Number of protein chains: 2
Amino acid sequence: MKVYLYDTTLRDGAQAEGINYTVSDKLKITKKLIAFGIDYLEGGWPGANPKDLEFFQEAKKLDFNKTKLAAFGSTRHPRLSVKDDSNLHNLLKSEAPVITVFGKAWDLHVEMALETSLENNLLMVYETVAFLKDAGREMVFDAEHFFDGFKNNPDYALKVIEQAARAGADFIVLCDTNGGSLPKEIRAGVEAALKIHSRIGIHAHNDSELAVANSLEAVKAGAIMIQGTINGYGERCGNANLCSLIPNLCLKMGVELNCQDNLKNLTRLSRYVAEIANLHPNPYQPYTGQSAFTHKGGVHASALLKDKGTYEHIPPELVGNHRKVSISDQAGVSNLLFNSENLGLSEEEVKTYGKELVAAIKAMEHQGYQFEGAEASLELLVRKVSGKLLEPFKIDNSKLIIEIKEDGRVLSEAVVKVRVGDTTIHTASDGNGPVNALDNALRKALLEIYPNLSELKLTDYKVRVLNEKAGTEAVVRVLIESSAGEKSINTVGVSTNIIEASLKALTDSLIYFLINNSEGTVS
Amino acid sequence: MKVYLYDTTLRDGAQAEGINYTVSDKLKITKKLIAFGIDYLEGGWPGANPKDLEFFQEAKKLDFNKTKLAAFGSTRHPRLSVKDDSNLHNLLKSEAPVITVFGKAWDLHVEMALETSLENNLLMVYETVAFLKDAGREMVFDAEHFFDGFKNNPDYALKVIEQAARAGADFIVLCDTNGGSLPKEIRAGVEAALKIHSRIGIHAHNDSELAVANSLEAVKAGAIMIQGTINGYGERCGNANLCSLIPNLCLKMGVELNCQDNLKNLTRLSRYVAEIANLHPNPYQPYTGQSAFTHKGGVHASALLKDKGTYEHIPPELVGNHRKVSISDQAGVSNLLFNSENLGLSEEEVKTYGKELVAAIKAMEHQGYQFEGAEASLELLVRKVSGKLLEPFKIDNSKLIIEIKEDGRVLSEAVVKVRVGDTTIHTASDGNGPVNALDNALRKALLEIYPNLSELKLTDYKVRVLNEKAGTEAVVRVLIESSAGEKSINTVGVSTNIIEASLKALTDSLIYFLINNSEGTVS
């Protein structure tokens, strides 16, 4: 059995609160989706806003390979002919080979929202699909609110899709627009629609936390197209999450997908889209989340040492994710053993320092530290406890002056006094913001002695206010990612003072880089 | 039909990466769950760590009303008798009226992880349940990995639960421990188990994004207990989310729940637990998320003006949530109209200033502003555009000095020069961190003139680094929540300088408070 994937990350996904793509963002995501091998890619609603018109202009320059680009729009205006409706002309002007048109399948909506007659709505559906089909496009008809319509007035809901079928739609997609349906209702709707058209699709929303289950149920009932989004982004609670659907379909249900050979790129795709959407990736997201294969309990960690399959439903590599055993309050020596290689400890050393280390980790976690995602700081802690830490420099004193002037100009200046062996360097730098000034001043002080420090780039800076309810006195955790070539260095700092927390994380990243990259580091 | 809810937020929920409850956190959540009317509350594993032992000691002082407290533990050690196993004695010592014991139902696990014989595992299950049942406790048996076991060796999986049944278990709960099962596999397992025991429960994990669907399928197949957690917190991808299951069961499936009269408190419960767990609430979470009933598209907003049911699967008030129509890039004048009352605009004013306002909002969003969750800043912007903003004060200049001394002491000092009418106040203050120093200095400057400012408390401070990949030069968005009595004031500030962003948000909160609470505000 084969199912076609129709991605609407760029259209319905953009309806998510907090998402606001630029045209360049949309093009970046488009390239990744083409490379992944998505069958249909809905780019936007040309004409609804200038951004989407521009997107379709730019998209013409891309090589879509096997992916088909779709433009989205509505049926004609109730009181205009198809020829006079500029929205339909915009769809054609997009030059997208696929056009997806949504029409209302719920009688209530026709009368309430469209304010037209049930009869006219049927005409609108027929004429719109026929007009665009005649123009030579592949036509997808999205039957909006199909399941609510089918519950309230099944005859009318089916009449709507009959019109689309008669007008030549290539696919009829049944939409659970409000996301309130249960799997058995989805099955009933799909089975009824299959009597009218052989190529049925499903468009599910997650308002009942059932979008994935509903999409799978539709496939079992005979649907062959799934509309969804990467990470499940979309209006309100989101759309069906392709990042869960894809592995569920091909690893668990034996369904054939055109993109199945790229399954191992799924995690990368998921995180890339999150980054472009400027949303924190959901760590608990199935398959692709950072915690999806993280084991925390001591019982699980000790079982995993014996057999990796014991607490995993699939091997994480299949979707490009990886296994983690976290070092935390709940961790025992099993967890440390599991990570010993990464931490640079021998089994012998784990036995010697294990208890002291777990106690040190717990004490720092109590302050607000978190070493998940700050492996370099953890390694420095391990070196410290086991007496193996050489400090390539020491900061004696640092000072920051920030001034916001009457004309709005903001000045940030950092002064640092740093010791390397017997040498003291006292210097200063400006910066774009206080942390940048501090970073600049520290590098300026150290570069003369450690010239290879210029290879280290700061690539990510995250701030998390921990006890937010403490207001401006809250404890702040700063996570910094730096990279030198391929390898990235993740460090953490915690303080009630954001500047101090940043300085700690910065210092850790510099120390970690220097002890791993300098011969003859001054201790 | 009636279903019992068994909450394990405090035990399996604590296995989530990033969650680390204190005993006091656990007691706080316990009180809320009792008030909500959860049937069973799993408090922890007494003996696995000192925290959980202490929790059960403290829990004895609480009034559990109709909620039953459960202690969690494993079957006896393979090579110890029940009488010699201190873990079982810890369970009894907890004095919890319900004891939940997990035992292995997957043959592979018995041999691989427990390293004992299949026969001994059956004895372990029987003896453990019988021993604890004889001690007079209500017994729940969690059949770990039941569905994987049932797939690989159905006879053995069923033999395990037979032992628990024979030993007097009150409930047998089938666990999809690895979270990899599909609904039809859940149904098959539940149906087989019902031939052995009449009181079957389900414990689902979300690794395939099917935990809610699998739990509902189990109920349809005859299960009468659901184990889950608030917000779906739990190991890896989490447990079945009670915040989705509860409304699905009672609003959509007509299942009777003891807590159903408290449904309207669900959103509050969900956010409370997130706060105690110190996790950002997932805005897209079904039913209880901040975006769950947020409408962004112009088409949706204009339909909602006509009928609120058109794009909502349930009225948000049923679960204590509320409807939002967001003002954003995608918004048209419909969205402004929907919010006009909140924004203090007449319909007339929306018509006059609508376009200018939408342009101003778009320009600020482009800089990184976000007014969803910063309604007070939006209202100030509206007043500014429509010429109605009186400024109760003006900051001419502000300066911050932060010094990190050799001994680790950190000093933060703020100097501000503020003008109120013709008066200039030039003052300074220390603080616990730079933003706190700034807040203190501003209040010090303004309190003499606006004594009622002392009512305003800063209650929440959030920082979001926007273009994180820009490292320490990144744009930072600060969201501040203040409150004066009942009403909370949400403001936002954006800058590459975190201090400037904080100052903007702080200033907005002070201005908003003063123009709404001061008679004769100096303009």
Side-chain angles (χ1 to χ4, degrees), chain A residues 15 17 20 112-113 178-180 182 206-210 212-213 236-238 244 248 284 286 291-292 294 296-297 303 306-307 310 313 326 329 372 396-406 410 432-433 435-436 439 458-463 465 468-469 471-474 496-497 499-500, chain B residues 15 17 20 112-113 178-180 182 207-210 212-213 236-238 244 248 252 284 286 291-292 294 296-297 303 306-307 310 313 326 329 372 396-406 410 432-433 435-436 439 458-463 465 468-469 471-474 496-497 499-500:
Chain A
Q15 303 279 84
E17 188 169 30
N20 211 335
M112 190 86 76
N178 289 2
L182 300 174
N206 205 33
D207 300 72
S208 313
E209 210 175 327
L210 293 169
V212 167
R236 304 185 311 274
C237 310
S244 294
N248 278 343
Y284 309 119
S291 302
T294 293
K296 190 168 163 184
K306 295 168 190 158
D307 175 22
T310 46
H313 67 130
S326 76
D329 193 6
E372 300 155 355
D396 278 350
N397 197 310
S398 59
K399 196 192 268 185
L400 255 173
I401 299 139
I402 299 138
E403 194 170 356
I404 305 176
K405 298 205 178 267
E406 198 168 355
V410 186
N432 192 3
V435 185
N436 186 239
D439 188 29
L458 210 145
T459 50
D460 201 353
Y461 174 74
K462 285 197 178 80
V463 174
V465 178
E468 292 173 334
K469 298 293 167 197
T472 54
E473 287 187 274
T496 52
N497 189 313
I499 305 300
E500 194 190 17
Chain B
Q15 303 280 83
E17 189 169 30
N20 210 337
M112 190 85 77
N178 290 3
L182 300 173
D207 298 71
S208 312
E209 210 176 326
L210 293 169
V212 166
R236 303 185 312 275
C237 309
S244 294
N248 278 343
K252 301 193 170 175
Y284 310 119
S291 303
T294 294
K296 190 168 162 183
K306 296 170 189 159
D307 175 24
T310 47
H313 68 131
S326 77
D329 194 6
E372 299 155 355
D396 278 349
N397 197 310
S398 58
K399 195 189 272 184
L400 255 173
I401 299 140
I402 301 137
E403 194 169 356
I404 305 174
K405 297 203 180 269
E406 198 167 356
V410 186
N432 192 2
V435 185
N436 187 237
D439 188 30
L458 209 146
T459 50
D460 201 351
Y461 174 74
K462 286 197 179 79
V463 175
V465 178
E468 292 173 335
K469 299 292 168 197
T472 54
E473 288 188 271
T496 51
N497 189 313
I499 306 300
E500 194 190 15

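Values reported hereafter were calculated over all heavy atoms of this structure, with side chains retained and with hydrogens, waters and symmetry mates removed. Residue numbers start from 1 in every chain, and the chains themselves are labelled A, B, ... in the order their sequence lines are given, proteins ahead of strands. Every value quoted in this text rests on a predicted model; they were computed, and no experiment measured them.
- Among B:V212, B:L400, B:V410, the residue with the largest count of heavy-atom pairs under 4.5 Å with chain A is B:L400.
- Of the inter-residue distances, the one linking B:R236 atom CZ with A:S291 atom OG reads 11.0 Å to the nearest 0.5 angstrom.
- In terms of heavy-atom proximity, A:E500 sits nearest to B:I404 at CA-CD1, 3.8 Å.
- Contact tally against chain B (heavy-atom pairs below 4.5 Å) for A:I401, A:D207, A:N397: the top residue is A:D207.
- In terms of heavy atoms, A:N206 sits closest to B:E209 at ND2-OE2, 4.3 Å.
- Contact annotation for B:D396: both backbone and side-chain heavy atoms come within less than 4.5 Å of a heavy atom of chain A.
- Top candidate by heavy-atom pairs under 4.5 Å with chain A, chosen from B:A113, B:G180, B:C237, is B:C237.
- Heavy-atom distances place the side chain of B:L210, and not its backbone, under 4.5 Å from chain A.
- For B:L182, the part sitting under 4.5 Å from any heavy atom of chain A is the side chain, from C-beta outward, and nothing else.
- Counting heavy-atom pairs closer than 4.5 Å to chain B, the top-ranked of the candidates A:G179, A:G238, A:S244, A:S208 is A:S208.
- For the atom pair CG (A:N497) and CD (B:E403), the distance works out to 12.0 Å, reported to the nearest 0.5 Å.
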